[in-house]
*Asks:* 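Have a look at this one before I ask anything.
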Amino acid sequence: MPDFPRTSRNRVRRSPKRGHYDRQTIYAILDEALICHVAFVQPGDPSPQPFAIPTLHARRGDELLLHGATTSRLMRHLACGEEICVAVTLVDGLVLAKTVFNHSVNYRSVVLFGKGYPIESRAEKLAALQAFTEKILPGRWQDARLPNAKELKATAVVALQIEEASAKVRSGPPKDEGEDAGFPTWAGVIPFAQIALAPIPAPYSSPEVETPDYVKAYIRDLNHLHKLGE
Ligand SMILES: Cc1cc2nc3c(=O)[nH]c(=O)nc-3n(C[C@H](O)[C@H](O)[C@H](O)COP(=O)(O)OP(=O)(O)OC[C@H]3O[C@@H](n4cnc5c(N)ncnc54)[C@H](O)[C@@H]3O)c2cc1C
């Protein structure tokens, strides 16, 4: 799979060595992240106001699947084919340097650009919702009641074709140089991880219905998620 081209839109300027344009790096970050932020400006707005809206996402090949209420401004805007920018961020740790100036965070982030199109036929919508659900919680689609006609009508599904993208990755220890490295304070990294805690059954859950293994053992299984997105 070819890298994304470097353009004036997606080229990482500050710390360019942290920039990545290959699909493998970019897609691994998209697949691991549960949420993204979608940024857009509505055309025809007399005083253009940018909005950034957090939402769930799932990748399917070179597309990002997004869903929501048909009445939501976000979904209506996504479906109209205007340019959109999406950001995804994974925070891997706090980086404590000896100087305040050199403090940082370890992270993996993606910024991507593309245009959305609505997925409208019943069969395609169900297939997209299945891919979306399985991406977020593998095993759930087959266990839950599937959407009925009314629910499908109330749900908009949009695929965003990824035109350009970049990743930026910072990892490793802090960087203090010269006499700062000897400053008498602790320096290092506080690593972060996204973990799921023990599941809590709904108040109306029957004790006879066992908690499924995929709920008990929920983790963001990265290899599995990546395969689903291929
Ligand atoms: C968790 C986190 C915390 C951060 N904290 C700070 C902070 O406190 N201060 C600060 O100045 N910067 C911070 N950054 C870095 C910030 O995201 C930008 O990279 C930075 O503002 C430099 O942008 P630029 O001027 O090089 O590029 P811009 O001109 O702003 O962007 C040009 C293009 O580069 C690409 N790009 C830029 N940044 C990223 C990115 N992070 N991920 C993927 N693609 C990117 C995009 O395609 C973008 O369109 C943080 C990043 C993360 C993920």
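In listed order, ligands and their atoms are each counted from 1. Quick caveat, the model's predicted, so the values are computed rather than measured.
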*Asks:* Got a protein heavy atom sitting under 4.0 Å from atom 22 (C) of ligand 1?
*Replies:* yes
*Asks:* For atom 5 (N) of ligand 1, what is the closest protein heavy atom, and at what distance to 0.1 Å?
*Replies:* V105 CG2, 4.7 Å
*Asks:* What is the ring orientation for H67 with F132, classed by angle as parallel under 30°, tilted 30 to 60°, or perpendicular over 60°?
*Replies:* tilted
*Asks:* Give the minimum heavy-atom separation between L160 and G116, together with the two atoms involved.
*Replies:* CD1-N, 3.7 Å
*Asks:* Counting only heavy atoms, which portion of R9 has something under 4.0 Å from ligand 1: side chain, backbone, both, or neither?
*Replies:* backbone
*Asks:* Which residue supplies the protein heavy atom nearest to atom 50 (C) of ligand 1, what is that atom called, and how far is it?
*Replies:* Y107 CE2, 4.2 Å
*Asks:* When you look for heavy atoms under 4.0 Å from ligand 1, do you find them on the side chain of N10, its backbone, both, or neither?
*Replies:* both
*Asks:* Side chain, backbone, both or neither: which applies to F4 and ligand 1 if a contact is any heavy-atom pair less than 4.0 Å apart?
*Replies:* neither
*Asks:* Using a strict 4.0 Å cut-off to heavy atoms of R14, name the atoms of ligand 1 that fall inside it.
*Replies:* 22 (C), 24 (P), 25 (O), 26 (O)
*Asks:* Considering heavy atoms of the protein only, find what lies nearest to atom 44 (N) of ligand 1 and give residue, atom and distance to 0.1 Å.
*Replies:* S166 OG, 2.8 Å
*Asks:* Within 4.0 Å of atom 42 (N) of ligand 1 (strictly less), any protein heavy atom?
*Replies:* yes
*Asks:* For Y107 and K168: C-alpha separation, side-chain torsions, deciding distance, then whether side chain to side chain contact (heavy atoms under 4.5 Å, CB included) applies.
*Replies:* CA-CA 8 Å; Y107 60 80; K168 193 168 175 184; 3.3 Å; yes
*Asks:* If you count the non-hydrogen atoms of other residues, nucleotides and ligands that lie under 6.0 Å from CD in Q49, is the total more than 12?
*Replies:* yes
*Asks:* Report, as yes or no, whether the 6.0 Å neighbourhood of atom CD1 on I35 holds more than 12 heavy atoms from other residues, nucleotides or ligands.
*Replies:* yes
*Asks:* My understanding is that only one of R145, K125, R122 makes a salt bridge (Lys or Arg N to Asp or Glu O under 4.0 Å) with E151; could you say which?
*Replies:* R145
*Asks:* If we ignore hydrogens and angles and just use 3.5 Å, is the side chain of E134 paired with the main-chain N or O of G139 as donor and acceptor?
*Replies:* yes
*Asks:* D22 and Y27: side-chain donor and acceptor closer than 3.5 Å?
*Replies:* no
*Asks:* Hey, is atom 9 (N) of ligand 1 under 4.0 Å from any protein heavy atom?
*Replies:* no
*Asks:* Ignoring hydrogens, tell whether any protein atom lies closer than 4.0 Å to atom 1 (C) of ligand 1; use the non-hydrogen atoms only.
*Replies:* yes
*Asks:* Taking I26 as the starting point, is it possible to reach V12 by hopping between hydrophobic residues whose side chains are less than 4.5 Å apart?
*Replies:* no
*Asks:* A quick test of your reading: do over 12 heavy atoms of other residues, nucleotides or ligands sit less than 6.0 Å from CZ of R9?
*Replies:* yes
*Asks:* Using a strict cut-off of 4.0 Å, indicate which atoms of ligand 1 neighbour a heavy atom of T89.
*Replies:* 1 (C), 53 (C)
*Asks:* Within the structure, does at least one protein heavy atom fall under 4.0 Å of atom 37 (C) of ligand 1?
*Replies:* no
*Asks:* What is the closest protein heavy atom to atom 39 (C) of ligand 1, and at what distance does it sit?
*Replies:* K168 CD, 4.0 Å
*Asks:* Go through the structure and list residues passing salt bridge (charged side-chain N to carboxylate O under 4.0 Å, His left out) with R76, not counting sequence neighbours.
*Replies:* none
*Asks:* At a 4.0 Å threshold, what atoms of ligand 1 neighbour a non-hydrogen atom of R11?
*Replies:* 32 (C), 33 (C), 34 (O)
*Asks:* Give me the residue, atom name and distance of the protein heavy atom closest to atom 40 (C) of ligand 1.
*Replies:* S109 OG, 3.3 Å
*Asks:* Contact between S72 and I53 at the side-chain level, heavy atoms closer than 4.5 Å - yes or no?
*Replies:* no
*Asks:* Looking at atom 12 (N) of ligand 1, tell me if a protein heavy atom falls under 4.0 Å from it.
*Replies:* no
*Asks:* Who's the nearest protein heavy-atom neighbour of atom 32 (C) of ligand 1, and how far?
*Replies:* R13 NH1, 2.9 Å
*Asks:* Are any non-hydrogen protein atoms located under 4.0 Å from atom 30 (O) of ligand 1?
*Replies:* no
*Asks:* Closer than 4.0 Å and a protein heavy atom, does any atom meet both conditions relative to atom 17 (O) of ligand 1?
*Replies:* no
